[in-house]
Amino acid sequence: MKPLGPIPSGFSAIDGELAIAGYKATALVERAGGTPLFVYSRDLLTQRVAALRAAMPARLALHYAVKANPFGPVLQHMAGLVDGFDIASGGELAIVQAVGIDPARVSFAGPGKRDSELEAAIMAGATLNLESEGEAGRVLGIAHRLGLTPKLAIRVNPEFDLKGSGMKMGGGAKPFGIDEDRVPAIARRLISEGADWRGFHIFAGSQALSADAIIDTQRQTLDLAARLAEEAGVALPKCNIGGGIGIPYFPGDEPVDIVKVGAALAGHFADLPDVLRETDFVMELGRYLVGEAGVYLAQIVDRKESHGEVYLVTDGGLHHQLAASGNFGTVVRRNYPSAIATRFGEAVAEEASIVGCLCTPLDRLADKGGFPRADVGDLVAIFCAGAYGASASPAMFLGQGPAREMLV
Ligand SMILES: *Cc1c(COP(=O)(O)O)cnc(C)c1O
């Protein structure tokens with residue numbers, strides 16, 4: 001048997017069924033009109049942000065990285081919890097505007113922003129985090145033509161990266177951000193051309209579970225911001241210090257000690273160089289805020305055996321849960337936390353693999369896990385489905401189409 005990842009806290013059993021926000025899985029499926037279904041818990045989102053705020057210094061503003069989960073009701077709920085939103089495309093700008101989020105609270109990073117996207121962001125009053133000199137030139141030209149003052153920050157490509165992070169976003173050659181040594185000249189140019197200067201964005205990595213690695217990166221980030229601002233001879237109104245706090249997905253993963261991270265950051269803030277004294281600091285997080293608040297529910301449509309192995313074949317699959325199938329940036333496939341939702345808490349009775357309905361061997365949601373005996377009609381639950389699930393999976397593959405989503 002292969003181990004399963006740790007089921008996040010906040011889920012209970014009612015009448016032997018998985019309950020999400022106090023509702024039984026079968027009741028949620030009935031309400032949604034069927035499976036496959038992503039369910040996100042409002043309470044778990046609220047509790048997560050509250051715990052993070054309690055751990056971090058009050059001076060630190062909190063942004064939500066929309067790409068982790070752009071579902072409208074989730075965004076609307078987050079709008080009441082966080083200070084701002086980070087987007088990565090014109091499509092995400094339209095999504096946040098559609099749910100009524102004030103673009104003044106939005107910053108837009110990401111390589112390859114088209115002129116139409118830059119124009120939409122300038123007109124909306126969102127902050128643009130510039131990824132290259134070429135982009136800086138295009139933005140200034142568009143703003144001049146529109147007769148508007150663009151809000152501009154520079155995304156810095158730091159020389160360091162976040163150790164142990166699942167996705168490295170800094171260190172060496174990268175399509176993201178502007179290399180450190182070229183940043184001061186561009187900062188001076190933006191200011192001299194009359195832009196509304198918004199400071200730096202320094203994002204060194206994602207999905208790290210080590211508090212020490214995060215603390216070390218934050219220290220380096222603040223040092224770098226101070227050094228570049230001094231070299232440029234400019235004040236720093238804002239500094240987005242990135243995020244990178246990960247969540248436990250796999251057997252043996254432990255949650256990040258955010259109290260330790262917050263205490264270290266408070267220490268750094270108490271000891272800032274002059275050039276950063278007046279700076280507003282921002283942390284941006286996606287999966288840490290929403291990942292563990294979501295569950296993916298699918299129904300078993302077939303139970304079969306092949307060469308002595310049991311397969312629970314569901315109506316879901318990698319087209320909604322690419323990451324759980326191990327095909328979204330993982331090197332070695334390991335099991336996400338998963339369970340039989342309609343037999344939640346029952347003892348393990350057999351080894352079984354939960355697979356999807358796609359005709360590819362990649363479509364495996366749990367590999368040789370230990371489960372209670374399940375049959376056709378039972379629901380399976382894949383946890384940690386609140387981030388990079390519905391929106392980061394190839395929903396159109398094999399003509400399947402998107403899953404249902406609901407916030408409860
Ligand atoms: C993807 C991304 C994030 C969010 O990463 P998480 O691991 O979901 O927290 C934040 N900032 C930037 C610039 C990103 O590209």
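Start at 1 and go down the list; that is how both ligands and their atoms are numbered.
The shortest N or O to N or O distance between Ala68 and ligand 1 is not under 3.5 Å. When only interatomic distances are considered, the shortest N/O to N/O separation between Arg155 and ligand 1 does not fall below 3.5 Å.
Residue contact check for ligand 1: Tyr288 places no non-hydrogen atom closer than 4.0 Å to it. At least one heavy atom of Tyr388 sits less than 4.0 Å from an atom of ligand 1.
For Thr46 against Leu81, the heavy-atom pair with the smallest separation is CA-CD1, 3.9 Å.
For ligand 1 and Ala65, the ligand atoms under 4.0 Å from any heavy atom of the residue are 3 (C), 4 (C), 10 (C). Within ligand 1, the atoms closer than 4.0 Å to a non-hydrogen atom of His201 are 13 (C), numbered from 1 in the order shown. Of all atoms in ligand 1, numbered sequentially from 1 with element shown, those under 4.0 Å from a heavy atom of Ser206 are 5 (O), 6 (P), 7 (O).
Contacts between Ala109 and ligand 1 below 4.0 angstrom, taking non-hydrogen atoms only, are absent altogether.
Aromatic pair Phe281/Phe269: centroids less than 6.0 angstrom apart.
To the nearest 0.5 Å, atom CG of residue Leu45 and atom CG of residue Leu407 are 6.5 Å apart.
In this structure a side-chain-to-backbone donor-acceptor pair under 3.5 Å is present from Arg105 to Ala79.
Closest to atom 2 (C) of ligand 1 by heavy atom, among Lys67, Arg287, His63, is Lys67.
Phe383 pairs with exactly one of Tyr249, Tyr336, Phe11 by the ring pair (Phe, Tyr, Trp, His ring centres under 6.0 Å) rule, that one being Phe11.
The list of side-chain hydrogen bond (donor to acceptor under 3.5 Å, both in side chains) pairs with a residue in residues 289-300, not counting sequence neighbours, reads Arg48-Glu292, Tyr296-His320.
Below 30°, between 30° and 60°, or above 60°: for Tyr40 and Phe71 the angle between ring planes is between 30° and 60°, a tilted geometry.
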